[in-house]
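The next block holds one structure in the form of structure tokens; read it before the comments.
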Amino acid sequence: MIRLVIVDDDPMVRTGLRLILGGEPDLEIAGEAGDGRHAMEVIRDLRPDVVLMDIRMPVQDGLATTELLLRRPDAPRILVLTTFDADDLVLRALRLGAAGFLLKDTPPPKMVEAVRAAARGEPVLSPSVARQVIAAATGGPQPRGPEARRELARLTEREREVAVEVARGSSNAEIAERLHMSVATVKANVTRIFAKLGTDNRVHVAMKVRDAGLL
């Protein structure tokens with residue numbers, strides 16, 4: 001059972017998320033909060049596996065809350081919620097170590113799978129905004145192509161194919177389907193890609209792929 005806490009200052013958003021996620025047999029809505037300061041107390045007491053975290057909130061925003069939570073040794077996985085395609089605060093949350101982000105209008109099945117992926121330890125990058133996030137995170141086109149191509153040359157051809165799919169925002173299950181691989185094989189490839197590129201972050205892989213001109 002995956003325990004969730006929903007943090008959003010809009011009661012209607014919290015209600016909607018509860019309806020979408022609460023009916024799944026493997027998901028439990030353990031609690032909710034309307035601002036970051038209250039969220040700290042709720043998360044401390046309930047110890048959820050995953051937190052759905054709004055960014056723009058009163059009292060204490062989601063960015064400050066994410067930073068404080070991720071300092072804890074038992075920190076939950078944090079999925080940032082946003083209404084913006086590439087909000088700068090979302091990018092900052094990703095750099096702090098958030099598991100990923102979701103648009104609030106993400107289709108319910110995709111949202112459910114994103115929560116499950118986060119609980120499994122897989123970073124979540126919404127496919128609909130992957131390119132905008134990568135571009136914003138790198139500040140637009142940069143003269144990093146040769147360096148990125150040298151780094152990606154360490155990958156096998158199959159690993160490069162997986163890396164490109166990661167950059168497109170595909171989940172492990174989607175990569176497996178598109179490249180005719182098992183999910184376990186995809187995970188093994190992603191692990192090797194991380195090791196060769198010296199990262200543990202799908203966003204960093206995506207930036208390398210973009211800089212190398214492979215998108």
Side-chain angles (χ1 to χ4, degrees), residues 53 55 62-64 66-67 69-71 75 77-103 106 110 113-114 117-118 120-215:
M53 179 76 70
I55 284 290
L63 187 66
T66 295
E67 183 174 12
L69 286 172
L70 291 178
R71 290 177 182 172
R77 304 287 292 177
I78 297 177
L79 281 177
V80 174
L81 293 171
T82 179
T83 55
F84 303 97
D85 280 0
D87 187 289
D88 178 62
L89 294 180
V90 176
L91 297 174
R92 289 168 61 191
L94 288 173
R95 294 187 185 108
L96 286 172
F101 73 91
L102 291 172
L103 294 180
T106 297
K110 290 284 188 181
E113 179 51 37
R120 292 192 299 265
E122 299 175 12
V124 177
L125 185 61
S126 177
S128 63
V129 293
R131 293 190 182 185
Q132 294 95 314
V133 170
I134 298 162
T138 58
Q142 299 286 336
R144 299 171 178 163
E147 178 185 351
R149 285 191 289 273
R150 281 195 299 271
E151 292 191 52
L152 292 178
R154 303 170 189 164
L155 307 182
T156 66
E157 182 177 353
R158 197 57 158 169
E159 288 165 354
R160 279 195 296 274
E161 291 176 341
V162 172
V164 168
E165 290 299 326
V166 167
R168 289 173 176 156
S170 303
S171 67
N172 285 348
E174 290 168 335
I175 296 172
E177 182 178 356
R178 289 172 186 163
L179 299 183
H180 308 291
M181 306 164 68
S182 70
V183 172
T185 301
V186 173
K187 290 180 178 178
N189 274 273
V190 171
T191 298
R192 289 195 296 270
I193 290 167
F194 284 173
K196 290 181 179 180
L197 298 184
T199 185
D200 60 358
N201 189 307
R202 283 170 104 96
V203 175
H204 292 169
V205 173
M207 288 190 288
K208 294 294 183 185
V209 170
R210 174 189 178 274
D211 289 344
L214 298 183
L215 282 180

Working note: Arg120 + Asn172, criterion side-chain contact (heavy atoms from CB on, under 4.5 Å); need CA distance, chi angles, decisive distance, verdict. CA-CA 11 Å; Arg120 292 192 299 265; Asn172 285 348; 6.0 Å; no
Please evaluate residues Glu113 and Thr106 with respect to the criterion side-chain contact (heavy atoms from CB on, under 4.5 Å), reporting the C-alpha separation (whole Å), side-chain torsions for both, the decisive distance (0.1 Å), and the verdict. CA-CA 11 Å; Glu113 179 51 37; Thr106 297; over 6 Å; no
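- The residues Glu165 and Arg168 are annotated as salt-bridged, a charged nitrogen and a carboxylate oxygen being separated by less than 4.0 angstrom.
- Screening Asn189, Val186, Val183 against Ile175 for a side chain to side chain contact (heavy atoms under 4.5 Å, CB included) leaves a single residue, Val186.
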For Arg158 and Leu179: C-alpha separation, side-chain torsions, deciding distance, then whether side-chain contact (heavy atoms from CB on, under 4.5 Å) applies. CA-CA 9 Å; Arg158 197 57 158 169; Leu179 299 183; 3.9 Å; yes
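- The side-chain heavy atoms of Glu177 and Glu174, taken from C-beta on, include no pair separated by under 4.5 Å.
- A salt bridge between Arg150 and Glu147 is absent, with no side-chain N of the basic residue lying under 4.0 Å from a carboxylate O of the acidic one.
- Taking both residues in full, the closest heavy atoms of Leu197 and Glu151 are given as CD2-O, 3.6 Å, listed atom of the first, atom of the second, then distance.
- Shown here for Met181 and Thr185, the closest heavy-atom pair between the two residues is CE-CG2, 3.5 Å.
- Looking at Arg77, its side chain never comes within 3.5 Å of a backbone N or O of Ala99 through a donor-acceptor pair.
- When all heavy atoms of Ala212 and Leu152 are compared, the closest pair comes out as CB-CD1, 3.4 Å.
- Annotation: the span from Phe101 atom CZ to Leu81 atom CG amounts to 11.0 Å, rounded to 0.5 Å.
- For the pair Val205 and Thr199, the minimum side-chain heavy-atom distance is below 4.5 Å.
- Of all heavy-atom pairs between Leu102 and Ala114, the closest is CD2-CB, 3.6 Å.
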Dump the intermediate steps for side-chain contact (heavy atoms from CB on, under 4.5 Å) on Ile193 and Val166, then the final yes or no. CA-CA 10 Å; Ile193 290 167; Val166 167; 5.6 Å; no
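- Contact between Val209 and Ala163 at its shortest, heavy atoms only, is CG2-O, 3.6 Å.
- Note that NZ of Lys196 is 10.0 Å distant from CZ of Arg154, once rounded to the nearest 0.5 Å.
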